[in-house]
Amino acid sequence: YAFGNLEKAQSNYEKSESTLRAAREHIDGDFLKNQYAKDLQAVLREYVVLLKQSGQTDAAASAQQRADAIALEIHP
(Lines give C-alpha, C1' and ligand atoms only; values in the text may rest on other atoms or scores of the structure.)
Protein backbone atom coordinates (compact mmCIF):
# COMPACT_ATOMS: atom_id res chain seq x y z
CA TYR A 1 0.00 0.00 0.00
CA ALA A 2 2.96 2.26 0.57
CA PHE A 3 3.37 2.34 -3.20
CA GLY A 4 -0.20 3.53 -3.75
CA ASN A 5 -1.81 0.38 -5.09
CA LEU A 6 -4.68 -0.13 -2.66
CA GLU A 7 -6.45 -2.80 -4.70
CA LYS A 8 -3.31 -4.91 -5.03
CA ALA A 9 -2.51 -4.55 -1.33
CA GLN A 10 -6.04 -5.51 -0.35
CA SER A 11 -5.93 -8.52 -2.66
CA ASN A 12 -2.60 -9.60 -1.18
CA TYR A 13 -3.93 -9.40 2.39
CA GLU A 14 -7.02 -11.40 1.44
CA LYS A 15 -4.88 -14.06 -0.25
CA SER A 16 -2.54 -14.18 2.75
CA GLU A 17 -5.45 -14.65 5.13
CA SER A 18 -7.02 -17.43 3.10
CA THR A 19 -3.68 -19.19 2.56
CA LEU A 20 -2.78 -19.09 6.25
CA ARG A 21 -6.24 -20.34 7.24
CA ALA A 22 -6.08 -23.21 4.76
CA ALA A 23 -2.57 -24.19 5.80
CA ARG A 24 -3.51 -24.05 9.48
CA GLU A 25 -6.45 -26.40 8.92
CA HIS A 26 -4.14 -29.04 7.43
CA ILE A 27 -1.47 -28.96 10.15
CA ASP A 28 -1.55 -31.61 12.82
CA GLY A 29 0.94 -30.24 15.35
CA ASP A 30 -0.25 -27.83 18.02
CA PHE A 31 2.97 -25.82 17.94
CA LEU A 32 2.70 -25.11 14.22
CA LYS A 33 -1.04 -24.44 14.42
CA ASN A 34 -0.27 -21.86 17.09
CA GLN A 35 2.45 -20.26 14.97
CA TYR A 36 0.12 -20.02 11.99
CA ALA A 37 -2.53 -18.45 14.23
CA LYS A 38 -0.01 -15.81 15.34
CA ASP A 39 0.95 -15.12 11.73
CA LEU A 40 -2.69 -14.89 10.72
CA GLN A 41 -3.42 -12.47 13.54
CA ALA A 42 -0.49 -10.27 12.47
CA VAL A 43 -1.72 -10.22 8.85
CA LEU A 44 -5.21 -9.31 9.98
CA ARG A 45 -3.97 -6.51 12.23
CA GLU A 46 -2.03 -4.99 9.33
CA TYR A 47 -5.05 -5.43 7.09
CA VAL A 48 -7.23 -3.59 9.61
CA VAL A 49 -4.84 -0.62 9.46
CA LEU A 50 -4.96 -0.59 5.66
CA LEU A 51 -8.75 -0.75 5.62
CA LYS A 52 -9.09 2.05 8.18
CA GLN A 53 -6.64 4.24 6.31
CA SER A 54 -8.61 3.75 3.11
CA GLY A 55 -11.92 4.59 4.80
CA GLN A 56 -13.35 1.08 4.69
CA THR A 57 -14.60 1.08 8.27
CA ASP A 58 -17.09 -1.79 7.91
CA ALA A 59 -14.49 -4.06 6.32
CA ALA A 60 -11.98 -2.99 8.99
CA ALA A 61 -14.44 -3.92 11.74
CA SER A 62 -15.00 -7.31 10.12
CA ALA A 63 -11.26 -7.98 9.83
CA GLN A 64 -10.82 -6.86 13.45
CA GLN A 65 -13.45 -9.38 14.53
CA ARG A 66 -11.57 -12.13 12.70
CA ALA A 67 -8.31 -11.03 14.36
CA ASP A 68 -10.00 -11.06 17.77
CA ALA A 69 -11.43 -14.52 17.14
CA ILE A 70 -8.07 -15.98 16.17
CA ALA A 71 -6.49 -14.33 19.22
CA LEU A 72 -8.65 -16.58 21.40
CA GLU A 73 -7.03 -19.62 19.78
CA ILE A 74 -3.43 -18.51 20.39
CA HIS A 75 -1.56 -20.16 23.25
CA PRO A 76 1.33 -18.19 24.75
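Just the heavy atoms: all of them, side chains too, but no hydrogens, waters or symmetry mates, feed the values below.
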To the nearest 0.5 angstrom, please state how far the [atom1] atom of [X] sits from the [atom2] atom of [Y].
X	Y	atom1	atom2	value
Glu7	Ser54	CD	OG	11.0 Å
Leu40	Glu73	CG	CD	9.0 Å
Asp30	Gln35	CG	CD	12.0 Å

Who pairs with [X] by side chain to side chain donor-acceptor pair (under 3.5 Å), at least two apart in sequence or on another chain?
X	result
Glu14	Tyr47
Glu17	Arg21, Arg66
Asp68	Gln64

Are Val43 and Val49 connected into the same hydrophobic cluster when the rule is that any two of I, L, V, M, F, W, Y join if their side-chain heavy atoms are below 4.5 Å apart?
no
Tyr36 with Phe31, same ILVMFWY side-chain cluster at under 4.5 Å:
yes
For the student: nearest non-hydrogen atoms of [X] and [Y], plus distance:
X	Y	value
Lys15	Ser18	O-OG, 3.1 Å
Ala71	Gln41	CB-NE2, 3.1 Å
Ala60	Val48	O-CG2, 3.8 Å

Side chain to side chain contact (heavy atoms under 4.5 Å, CB included) with Asp39: of Leu20, Asn34, Leu44, only one passes, and it is Leu20
Would you check if the side chain of Arg24 reaches a backbone N or O of Lys33 as a donor-acceptor pair within less than 3.5 Å?
yes
If we ignore hydrogens and angles and just use 3.5 Å, is the side chain of Thr19 paired with the main-chain N or O of Ser16 as donor and acceptor?
no
Heavy-atom check, side chain of Thr57 versus side chain of Leu51, under 4.5 Å:
no
Do Ile70 and Gln65 come within less than 4.5 Å of each other through their side chains, counting heavy atoms only?
no
Step through the shown structure and confirm whether more than 12 heavy atoms of other residues, nucleotides or ligands are within 6.0 Å of NZ on Lys38.
yes
